[in-house]
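What follows is one structure encoded as structure tokens, with my remarks underneath.
Within every chain, numbering begins at 1; the chains are lettered A, B, ... in the order of the sequence lines, protein sequences first and strands thereafter.
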There are 6 protein chains.
Amino acid sequence: MSGPRIRVVNPNTTASMTASAVAAARRAAPHATVEGSTPSRGVDSVESHVDEVWGALGVLEQVLAGERAGTDAYVVACFGDTGVPAAREVARGPVVGMTEAALLTAALVAHRFTVVTLPRRTREQSDRVVGALGLGHRCVVRAVDVPVAEVHEDSTHLLETFVEQGRLALEEDAAEALVLGCAGLTDLVDPLRARLGVPVVEGVAAATTLAVALLAQGVGTSRAATWAAPERLGPVGA
Amino acid sequence: MSGPRIRVVNPNTTASMTASAVAAARRAAPHATVEGSTPSRGVDSVESHVDEVWGALGVLEQVLAGERAGTDAYVVACFGDTGVPAAREVARGPVVGMTEAALLTAALVAHRFTVVTLPRRTREQSDRVVGALGLGHRCVVRAVDVPVAEVHEDSTHLLETFVEQGRLALEEDAAEALVLGCAGLTDLVDPLRARLGVPVVEGVAAATTLAVALLAQGVGTSRAATWAAPERLGPVGA
Amino acid sequence: MSGPRIRVVNPNTTASMTASAVAAARRAAPHATVEGSTPSRGVDSVESHVDEVWGALGVLEQVLAGERAGTDAYVVACFGDTGVPAAREVARGPVVGMTEAALLTAALVAHRFTVVTLPRRTREQSDRVVGALGLGHRCVVRAVDVPVAEVHEDSTHLLETFVEQGRLALEEDAAEALVLGCAGLTDLVDPLRARLGVPVVEGVAAATTLAVALLAQGVGTSRAATWAAPERLGPVGA
Amino acid sequence: MSGPRIRVVNPNTTASMTASAVAAARRAAPHATVEGSTPSRGVDSVESHVDEVWGALGVLEQVLAGERAGTDAYVVACFGDTGVPAAREVARGPVVGMTEAALLTAALVAHRFTVVTLPRRTREQSDRVVGALGLGHRCVVRAVDVPVAEVHEDSTHLLETFVEQGRLALEEDAAEALVLGCAGLTDLVDPLRARLGVPVVEGVAAATTLAVALLAQGVGTSRAATWAAPERLGPVGA
Amino acid sequence: MSGPRIRVVNPNTTASMTASAVAAARRAAPHATVEGSTPSRGVDSVESHVDEVWGALGVLEQVLAGERAGTDAYVVACFGDTGVPAAREVARGPVVGMTEAALLTAALVAHRFTVVTLPRRTREQSDRVVGALGLGHRCVVRAVDVPVAEVHEDSTHLLETFVEQGRLALEEDAAEALVLGCAGLTDLVDPLRARLGVPVVEGVAAATTLAVALLAQGVGTSRAATWAAPERLGPVGA
Amino acid sequence: MSGPRIRVVNPNTTASMTASAVAAARRAAPHATVEGSTPSRGVDSVESHVDEVWGALGVLEQVLAGERAGTDAYVVACFGDTGVPAAREVARGPVVGMTEAALLTAALVAHRFTVVTLPRRTREQSDRVVGALGLGHRCVVRAVDVPVAEVHEDSTHLLETFVEQGRLALEEDAAEALVLGCAGLTDLVDPLRARLGVPVVEGVAAATTLAVALLAQGVGTSRAATWAAPERLGPVGA
């Protein structure tokens with residue numbers, strides 16, 4: 001086994017979501033050693049800001065574990081990029097969130113594009129990343145009101161819903177590509193591409209390839225200020 | 001004792017910081033019943049994104065405690081507004097972060113203004129709130145490289161540093177008011193106003209008065225989407 | 001009689017609008033002494049930029065009167081915040097426009113929100129304040145084509161119109177709160193909240209509570225530049 | 001005498017400023033019939049937001065006079081474009097503010113440019129127009145702290161001050177052109193061009209040529225909403 | 001023959017489009033000497049980014065020819081302003097693109113406005129100019145999917161299509177003016193104004209009048225940096 | 001030889017610059033087959049907008065050659081991303097500009113960052129890409145006034161100049177990473193990283209790794225509108 005060691009960190013505790021994210025990452029980085037990482041404790045799905053608090057804690061725990069295991073780079077597999085800033089501080093290597101990765105990928109292949117996320121209440125999480133990158137002039141965020149829990153095992157039952165949103169995006173948003181706004185939608189990529197005829201960007205794959213790209217450039221997280229190594233990792237004794 | 005019950009939540013575990021925040025809040029809302037709230041476990045200072053993970057957890061814990069105690073509104077006393085989105089989801093009443101409150105206050109009394117935050121590595125935390133409100137065209141963020149830990153008990157030793165930053169802000173940023181970028185700077189407000197001759201906005205006081213303002217308007221957090229009540233509050237058994 | 005003296009300045013000459021604004025302000029600030037202020041001369045409704053010229057003159061006149069009467073803070077009760085910058089220059093205490101106050105309030109309780117203003121031709125006046133605050137990424141402005149004159153006495157006949165706009169806002173704009181875009185709509189607040197189930201922000205109430213908040217913080221208008229005291233108050237002899 | 005009739009409206013009562021603005025306009029539009037227009041009553045200089053209230057009233061008065069006299073287009077000769085929106089509503093022909101005209105002109109000849117305005121307290125008035133046009137990414141506003149009253153007759157004594165600001169603009173702002181931020185600076189244009197070697201844009205000339213340009217295109221103010229003809233022109237009997 | 005010599009440069013090789021652009025320019029600048037300029041080699045229509053490469057080369061060739069002929073100012077007659085930056089570098093006098101001119105004109109007569117361009121794939125070209133000017137907050141870009149080639153001789157067969165788009169713009173975009181997004185639509189101006197009742201801005205006329213305006217101001221392209229004269233005009237021997 | 005076939009297109013005719021870009025690309029993508037591509041005719045350096053016209057033509061020529069040779073993806077090796085939109089239309093596979101790639105890379109490892117480009121007159125070319133991506137709130141562009149021609153063979157003589165700019169960027173811009181703004185600076189990467197202690201992003205390496213990343217994701221240029229295959233590739237007979 002060779003290539004860089006990439007750890008795909010799932011902020012929730014649902015092992016089936018970790019497994020499908022790992023599978024997506026492996027398809028996108030066949031030369032890398034991809035491992036999945038599931039928090040020992042937390043919520044089984046990240047669908048609210050409260051869930052994100054626990055998700056960030058899980059990411060932190062798993063990145064610390066990854067550091068002990070010699071991980072080269074991390075992918076955070078949750079739309080909204082929960083825990084990414086903290087992960088950047090503690091990881092020696094680069095950390096890429098699936099949301100930022102998907103948006104940057106879309107920006108390279110489409111002038112305007114649309115995120116379709118779920119559930120509806122998490123639109124702010126997408127807006128937050130769009131805003132941090134400054135892509136609001138090229139990107140629209142749409143939401144379907146389905147809980148993440150519904151895609152824990154499989155998302156193919158949502159195909160028609162996404163086809164419909166995709167068609168609205170092409171027509172009303174002048175979108176030229178679609179970004180899937182959840183880590184649990186990897187099995188929609190191929191059928192959606194076939195049905196819509198435009199690029200469909202999946203964030204776990206995107207983040208994995210960008211993590212590999214950063215490693216290949218020899219470019220890591222800047223320690224100059226924002227993501228410098230922290231003074232402490234948690235409560236005394238944690 | 002009358003007036004609304006306001007809980008000032010300190011995301012770190014340093015009781016002296018809670019105490020000075022509570023004092024600032026009480027001065028700003030003499031008719032309210034102001035209580036302080038210090039997490040039982042966490043970090044003694046929030047100076048990194050890792051610290052924010054623990055800080056958000058502490059905020060969540062304390063807001064849940066506040067709900068059991070019948071709190072009317074919450075102030076989150078940490079520059080960067082750590083944990084505010086989660087707090088909004090679980091609190092029945094309004095939640096105001098000290099950063100957003102300070103920025104909105106400054107926008108009502110100054111055309112352009114400058115935040116002076118600390119330490120330097122937390123500039124992103126200020127930028128994040130400035131960006132969420134869209135105030136980047138009116139607000140500059142400056143940072144002095146002093147750890148938050150240094151202001152746990154008192155900040156008057158930093159007066160000259162802040163006077164110098166304030167003067168630079170007036171001259172180079174065309175600032176017309178100053179925003180203090182840390183909960184531990186309440187004792188700088190009066191001397192800085194005297195020295196600089198411009199409004200100096202302190203976030204805990206600002207957030208407390210805005211929390212009272214929301215209660216007086218009968219306006220609470222929207223449950224329509226972003227901050228709807230969450231499905232769960234944490235791991236099973238937490 | 002105690003509490004701060006707040007003067008609600010109506011830029012138009014319609015006393016019934018002043019009265020309903022004063023009533024809204026009193027409900028929001030029961031501890032304050034709220035007085036209404038109606039220009040001696042001007043237009044009976046502000047529905048155009050020409051009307052705003054006369055409205056600003058009326059605001060200036062009334063704030064000067066307020067200064068003679070020892071007013072602590074001012075609320076300008078016209079959507080578009082006509083005359084607010086001039087009022088800031090002449091008032092010793094803070095001045096809050098109902099539009100800026102409503103937008104800032106909405107930003108604290110909703111991720112995205114929609115203003116419904118009237119008449120259609122005054123959409124620019126709303127856009128102007130949204131732009132000054134930088135909230136364009138979170139706020140949509142809608143307009144119904146009803147003259148302000150139609151709400152001089154009462155606005156309940158517009159309830160269904162606003163319910164319809166509110167529903168469109170929730171659905172098409174992803175709004176999570178509504179801002180009422182006219183001082184004459186105070187009697188719509190309660191029925192709209194009941195019908196839409198989201199926060200409905202009314203600017204006079206919002207501005208009154210924010211004026212109280214500024215007073216409580218001891219923060220007044222910066223004299224550093226933009227709103228320094230003016231050299232003169234008007235034509236020689238005026 | 002032929003060509004379109006252009007009225008240069010000075011919002012203040014200082015006839016010498018009207019005269020020099022008219023002279024600048026005539027140089028820029030030799031084929032037009034340029035008339036000056038000075039309010040009968042108002043302030044002798046616009047240096048504050050209070051002054052702008054009186055200035056806008058003067059503009060309104062003079063545009064109404066211009067309408068009676070058959071004016072084809074108007075130039076508003078005050079940096080900050082005081083009264084322009086109201087003027088647009090009452091004028092049959094186009095109305096151009098000197099600030100917007102100068103900024104649009106600069107945008108056609110320079111990638112980045114700097115406004116040098118006076119006095120310092122009126123920076124907001126420049127920012128307001130820059131913001132309305134969306135040119136903040138290409139334009140910096142500088143201010144020198146000289147009252148407008150000091151340039152009522154002549155501004156050549158300020159040449160070195162403007163040369164210094166211009167040099168700072170070229171160096172620190174990467175400016176490639178300068179915009180003069182006051183109607184009283186027309187006699188600085190030629191010496192500044194000679195000294196700085198970059199385009200120096202003067203707003204009265206710019207607005208006059210743009211007014212001619214709009215007339216030549218047959219394009220007038222839209223009546224669709226924002227600047228539709230108003231219901232009334234002022235108080236009953238005014 | 002008198003007045004300034006304006007050269008209308010058509011980036012494509014279709015002489016009938018040059019002719020109708022020249023006619024539009026002459027109507028807008030009856031005192032100028034307007035000449036048309038058609039590239040000797042290139043594409044007969046600019047409908048893609050590849051076409052723009054050839055169009056820019058044609059613009060460069062024709063501006064060099066214009067310089068030899070003593071041209072005072074240039075209008076580039078292609079929506080998207082292909083070749084304008086290069087033209088600015090080589091021309092002694094000002095260069096105005098029809099897109100920037102149309103947008104700036106619209107900004108003077110309408111608070112919000114809509115571009116209707118064609119074909120659909122060139123929306124990015126409009127977005128590019130809107131973005132460079134910063135007018136995204138006031139301007140919507142719509143596209144109809146008709147190739148430019150279809151309007152080489154005449155565009156009146158598209159009247160109903162544009163009326164429909166114009167009505168949608170007024171209703172859905174709150175547009176108050178329309179910008180025609182192609183040089184081949186000059187014969188739609190009058191009928192559209194009649195049908196829609198709002199200003200309809202045509203870019204060739206707009207650019208011609210702005211070129212005249214720059215000449216009248218004595219303001220030319222800044223040589224300070226971005227558009228300084230280039231070291232070379234093309235390949236050795238070209 | 002295996003891996004994807006990546007063609008590094010140099011828009012200028014200087015073979016030594018192609019060679020060093022190819023070397024940088026190979027270091028960043030050791031598993032790919034990297035070929036260099038130099039236009040047969042054009043300018044020997046891209047330092048102006050006129051040069052960009054010829055550069056874009058060269059890119060188009062070389063991408064067409066690449067298509068005949070079965071290229072999988074393209075890197076355009078010129079700061080400013082000259083010719084990238086046209087290249088996207090004609091290439092079957094993805095096309096990545098070195099500027100956009102460097103900016104996106106920097107956004108993943110630094111909160112704020114600074115581009116140092118050359119010569120000074122090409123700052124607009126950087127601003128253009130920063131603006132298209134919307135990164136203006138996180139990125140400052142600096143320029144040193146050295147012609148590109150000076151780095152055709154080597155850039156190590158500029159090390160101290162870049163160290164100085166880098167230090168100013170860290171201090172004055174709060175930059176946390178540096179982006180090298182020219183394809184001829186690859187030999188500065190290592191010494192600058194050593195001297196400044198922050199990530200130094202080189203665009204050719206960045207673009208190569210992002211091209212590989214897009215291929216690995218199976219995501220190509222959207223054909224929905226902006227970059228659909230063009231109707232024609234150039235003049236008839238070209």
Applying a criterion of heavy atom separation less than 4.5 Å, what residues of [range] form contacts with chain C?
range: residues 205-214 of chain B; answer: B/A205, B/A206, B/T209, B/L210, B/A213, B/L214
range: residues 73-90 of chain B; answer: B/R88
range: residues 134-144 of chain B; answer: B/G134, B/L135, B/H137, B/R138

What do you reckon, is CD of B/E35 surrounded by more than 12 foreign heavy atoms closer than 6.0 Å? yes
Quick check on B/E231: does its CD atom have over 12 non-hydrogen neighbours (other residues, nucleotides or ligands) under 6.0 Å away?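 Counting other residues, nucleotides and ligands, CD of B/E231 stays at 12 neighbours or fewer.
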Distance-only donor-acceptor pairs under 3.5 Å for side chains of residues 180-189 of chain C, two or more places apart:
residue	atom	partner	partner atom	Å
C/D187	OD1	C/S155	N	3.4
C/D187	OD1	C/S155	OG	2.2
C/D187	OD2	C/S155	N	3.2

Name the option with the most non-hydrogen atom pairs under 4.5 Å to chain B; the candidates are C/L108, C/L196, C/V219, C/T221. C/L108
Counting heavy-atom pairs under 4.5 Å to chain B, which of C/L133, C/V201, C/V200, C/V198 comes out on top?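 If we count pairs closer than 4.5 Å to chain B, C/L133 comes out on top.
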Pairs of heavy atoms under 4.5 Å with chain C: top-ranked of B/A29, B/P94, B/A132, B/P30: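 Most pairs with chain C among the choices: B/A132.
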Can you tell me which portion of B/R193 sits under 4.5 Å from chain C's heavy atoms? Options are side chain, backbone, both or neither. side chain
Grab the two heavy atoms, one from [X] and one from [Y], that are nearest each other, plus how far apart they are.
X: C/H111; Y: B/W227; answer: N-CZ3, 3.5 Å
X: B/P199; Y: C/G220; answer: CG-O, 3.2 Å
X: B/E202; Y: C/Q217; answer: O-OE1, 4.4 Å

Are any non-hydrogen side-chain atoms of B/L104 and C/E100 less than 4.5 angstrom apart?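 Sidechains of C/E100 and B/L104: no contact.
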